[in-house]
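Computed from a predicted structure; not experimentally measured.
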Amino acid sequence: MRTNCVEILDIRSAEVTAVIGERGVNGTFIIKSKYTCAYDGFAEGEFLDVENFISAVKDVVKSTLAGGSGIKSFYVGVPGEFLKLINVDKVLSFPSAKKINASDCRTLIELSTPIDEEQWKTIRHSCLYYMLSDKRKVIDPIGAVTDSLQGKCSFFQCKKSFMDCVSLVLKRFKEIASVNFIPLNCAEAMYLVEPEFRDECAVLFDFGYISSTYSVICGNGLLFSESFSVGIGHIAFYLMTELDIPFEVASTYLSMVNLNAKEKLTSIEECIYEGKTYKYSTAKLRDIIREGLDGICETVEECRQSFSGKNIDGKPLLVTGEGIKVVRGTADHLAGRLVKNVDVIAPKVPYYDKPHFSSMLSLLNMALEDAMNS
């Protein structure tokens, strides 16, 4: 039995991936099994075709379990559209100064935990930071001497309908003894962004296919997170409608255009699909794609304005996800449109050092940490 392995289910807005993996050396991972299946996706917090989603999950899980891995627990990544973030400030006061222990931290969390609503269930919590009575801000207060302990805690609640749907599929597999849910926005924040950047706040944008998520990170948690049903797939759809071409042709054009290139005005991009040839001006394609990206930039800016916490205007926008590398020059366009530095980030792991692997390895990392601490 592979006791050091975990299995994760990475649910993106266009495909699902099941992975069995374990910890490698120097922060790497050993992928034992990996299967991906495309499906119709989700939008506005609902699957576009539930049966299609169920079928995709069954296919990838069945394929990974076929190797006789001995996996008992499954870790499911929850996309931002099925999550609700609740932040709570709480203070514990003591009769006199004392040395903080783990029990004090647990008590603070217990007193801060929100009550689950009818449609939402708390699946994870984290403390962004603690404040001692001398106003010192610390990430780990254990051992510190203080007469009060204040904590800013993040609680991640998941839609029960999402949990029920996934659990119903996984119950069909007798090999799976339990199902654990991990908030994807939290997993990505903790894995992709170094602690020194998180301590003073960082801004992460997961640019997906149909759905994207904007998060403000602080310490060991999130101050803010908002998901919206817009992604690189919508740029292809916009191109399709503007030019009246098949979606497959529009998607192909996305990977052919370079927003930073300086071609001649007479430059033409040609695509052959199902025996038919499509030809369009490179400049026209580029203009349409830029218009589509501008719409995404407007939504990102709305998210920034919705965050009323710390001043993040000077923070670079850290971008990951499958949408950022489809059209060459996208990062530069976002930077110019948003008037801020844009840094593309990805796992620092050989072969998997691409933005579209960010969610998968972030979930795998958190699942392995959870399994080790359980």
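- F82 and F47 have their aromatic ring centers within a separation under 6.0 angstrom.
- Ion pairing between a basic and an acidic side chain is recognised when a charged N comes within 4.0 Å of a carboxylate O; R337 and D294 show such pairing.
- Using a 4.0 Å cut-off between charged nitrogen and carboxylate oxygen, R12 and D206 count as a salt-bridge pair.
- Proximity of a side-chain donor or acceptor of R328 to a complementary backbone N or O of M256 within less than 3.5 Å is detected.
- Judged as a ring pair (Phe, Tyr, Trp, His ring centres under 6.0 Å), and not counting sequence neighbours, Y129 has no contacts.
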Test log, rule side chain to side chain contact (heavy atoms under 4.5 Å, CB included), inputs V57 and L9: CA-CA 8 Å; V57 173; L9 183 66; 3.9 Å; yes
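- Residue pairs meeting the ring-ring contact (aromatic ring centres under 6.0 Å, His included) criterion with at least one member in residues 308-329, sequence neighbours excluded, do not occur.
- No salt bridge links K137 with D199; every basic N to acidic carboxylate O contact stays at or beyond 4.0 Å.
- Residue pairs that meet the ring-ring contact (aromatic ring centres under 6.0 Å, His included) test with at least one member in residues 102-125, sequence neighbours left out, do not exist here.
- Identified under the side chain to side chain donor-acceptor pair (under 3.5 Å) test for residues 338-355, with sequence neighbours left out: none.
- When hydrophobic residues (I, L, V, M, F, W, Y) are linked wherever their side-chain heavy atoms come within less than 4.5 Å, I115 remains an isolated member.
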Without placing hydrogens or testing angles, list every side-chain donor-acceptor pair under 3.5 Å for residues 227-240, not counting sequence neighbours.
unit_1, atom_1, unit_2, atom_2, d
S227, OG, T213, OG1, 2.7
S229, OG, E44, N, 2.7
S229, OG, E81, OE1, 3.2
S229, OG, E81, OE2, 2.7
H234, ND1, G231, N, 3.0
H234, NE2, S229, O, 3.3
Y238, OH, E291, OE1, 2.5

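- Listed by chain and residue number, nothing satisfies the ring pair (Phe, Tyr, Trp, His ring centres under 6.0 Å) test with Y130 (two or more places apart in sequence, or in another chain).
- Ion pair D370/R124 flagged as a salt bridge, since at least one NZ, NE, NH1 or NH2 atom sits closer than 4.0 Å to an Asp/Glu carboxylate oxygen.
- Residues passing the salt bridge (Lys or Arg N to Asp or Glu O under 4.0 Å) test with E46 are K159, sequence neighbours excluded.
- Side chain of D116 to backbone of T122: a donor-acceptor contact under 3.5 angstrom is found.
- The closest side-chain heavy-atom distance from C105 to P141 is below 4.5 Å.
- Salt-bridge annotation for E301 and R304: present, with a side-chain N of the basic residue lying under 4.0 Å from a carboxylate O of the acidic one.
- A salt bridge does not link E118 to K160: none of the charged nitrogens lies less than 4.0 Å from a carboxylate oxygen.
- Under the ring-ring contact (aromatic ring centres under 6.0 Å, His included) criterion, no residue pair touches residues 84-107, with sequence neighbours excluded.
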Let's go through K284 and I288 carefully: what are the C-alpha distance in whole Å and the side-chain angles of both, what is the deciding distance for side chain to side chain contact (heavy atoms under 4.5 Å, CB included) to 0.1 Å, and is it a yes or a no? CA-CA 6 Å; K284 183 177 182 63; I288 295 173; 4.2 Å; yes
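- Side chains of F207 and I296 form a contact here, defined as non-hydrogen atoms less than 4.5 Å apart.
- Listed by chain and residue number, nothing satisfies the ring pair (Phe, Tyr, Trp, His ring centres under 6.0 Å) test with F156 (two or more places apart in sequence, or in another chain).
- Evaluation of the side chain to side chain donor-acceptor pair (under 3.5 Å) test over residues 181-194, restricted to residues two or more places apart or in two chains, returns N185-S225.
- Remark: Y39 engages F53 in a ring pair (Phe, Tyr, Trp, His ring centres under 6.0 Å) (not counting sequence neighbours).
- Looking only at side-chain heavy atoms (C-beta outward), V179 and K171 stay at 4.5 Å or farther from each other.
- In this structure a side-chain-to-backbone donor-acceptor pair under 3.5 Å is missing from D49 to D40.
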